[in-house]
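As the structure is a computational prediction, the values presented were derived from the model and not from experiment. First listed ligand is number 1; within each ligand, the first listed atom is number 1.
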Amino acid sequence: MLAIIGGTGLTQLANLEITHRQVMRTPYGEPSGALIFGMIKQHEVVFLARHGYGHTIPPHKVNYRANLWALRDAGVKRVIAVAAVGGIRDDLTPGVVVVPDQIIDYTHGRDSTYFDRSERTVVHIDFTQPYTPAMRQQLLRAAEMAGVACVDGGVYATTQGPRLETAAEVMRMERDGVDMVGMTGMPEAVLARELGLEYATLSVVVNDAAGRRSSSQGIHLESVFEAIPPAMEKVRSILECVVKCDGD
Ligand code: HPA
């Protein structure tokens, strides 16, 4: 089964016909909310709002381990993560949708592995390609079918948040090869890998990153809120095409 983890701007899926909700318990505590099961175009999907249904959980407090564990226990094999980002690269301006292919993790203090209990033998998982290549291709094909322009590839940096970055931090990230910056990409991606789930991200640029273009003097939250609804419409139509093509 396919899961969709919604981020900022996507706390619900308008095109999801809800069949039931399920509260899950995990050895890692509570997920961000109940899992919402439903159908999109006659295909079963599970939805989870990463920040809670009232958008009350900040990025560094999200219980990523419980979220992925609960999805896996519910029978999920594949996860599409939707994540709002700030655009650093010149072509990644507000409204652009990207399927990133790499991650750099700048977070700290987050519970970022399931291998921290002495009773489990440590496995050093391969993370050379942090997103499942076949799922990335599926997202790109779905975007094409949906008629939504979508950028193929880019480096997603995860910062600790909840504050936004300084201009110097964005410059440093650019020197590191970063193209877009968000706050939730990690440890979500690595935990999915540890559980053997396929995982790919649809990043939605909702602002120019700090110090860049329209944000040269600061990030204007009003324009971020304006950018979110039309961008999430694009995401919804891509997701519809993904589930139509999904064999599960
Ligand atoms: N920085 C970090 N996270 C974000 C941003 C940003 O500029 N925009 C949306 N999420």
**Student:** Does the distance from a Lys or Arg side-chain N to an Asp or Glu carboxylate O, for D90 and R212, drop under 4.0 Å?
**Tutor:** no

**Student:** Is it the side chain, the backbone, both or neither of N207 that has a heavy atom closer than 4.0 Å to ligand 1?
**Tutor:** side chain

**Student:** Under 4.5 Å between side-chain heavy atoms, counting indirect links through other Ile/Leu/Val/Met/Phe/Trp/Tyr residues: same cluster for L2 and L195 or not?
**Tutor:** yes

**Student:** With a cut-off of 4.0 Å, which atoms of ligand 1 are near a heavy atom of A84?
**Tutor:** 9 (C), 10 (N)

**Student:** Can we say R89 and D208 salt-bridge, meaning some charged N sits less than 4.0 Å from an Asp/Glu carboxylate O?
**Tutor:** no

**Student:** To the nearest 0.1 Å, how far is atom 6 (C) of ligand 1 from its closest protein heavy atom, and which atom is that?
**Tutor:** L164 CD2, 3.4 Å

**Student:** Between E169 and R172 (salt bridge meaning N to carboxylate O under 4.0 Å), is one present in this structure?
**Tutor:** no

**Student:** Which protein heavy atom lies closest to atom 4 (C) of ligand 1, and at what distance to 0.1 Å?
**Tutor:** V181 O, 3.5 Å

**Student:** Is there a donor-acceptor pair under 3.5 Å between the side chain of T201 and the backbone N or O of S203?
**Tutor:** no

**Student:** Please list, in number order, the atoms of ligand 1 under 4.0 Å from a heavy atom of V206.
**Tutor:** 9 (C)

**Student:** Mark up the atoms of ligand 1 that fall under 4.0 Å of a heavy atom belonging to E165, in ascending order.
**Tutor:** 1 (N), 2 (C), 6 (C), 7 (O)

**Student:** Check each of G86, A157, P94, G161 against atom 5 (C) of ligand 1 and report the one with the nearest heavy atom.
**Tutor:** G86

**Student:** With a 4.5 Å heavy-atom cut-off, do H108 and H60 have their side chains touching?
**Tutor:** no

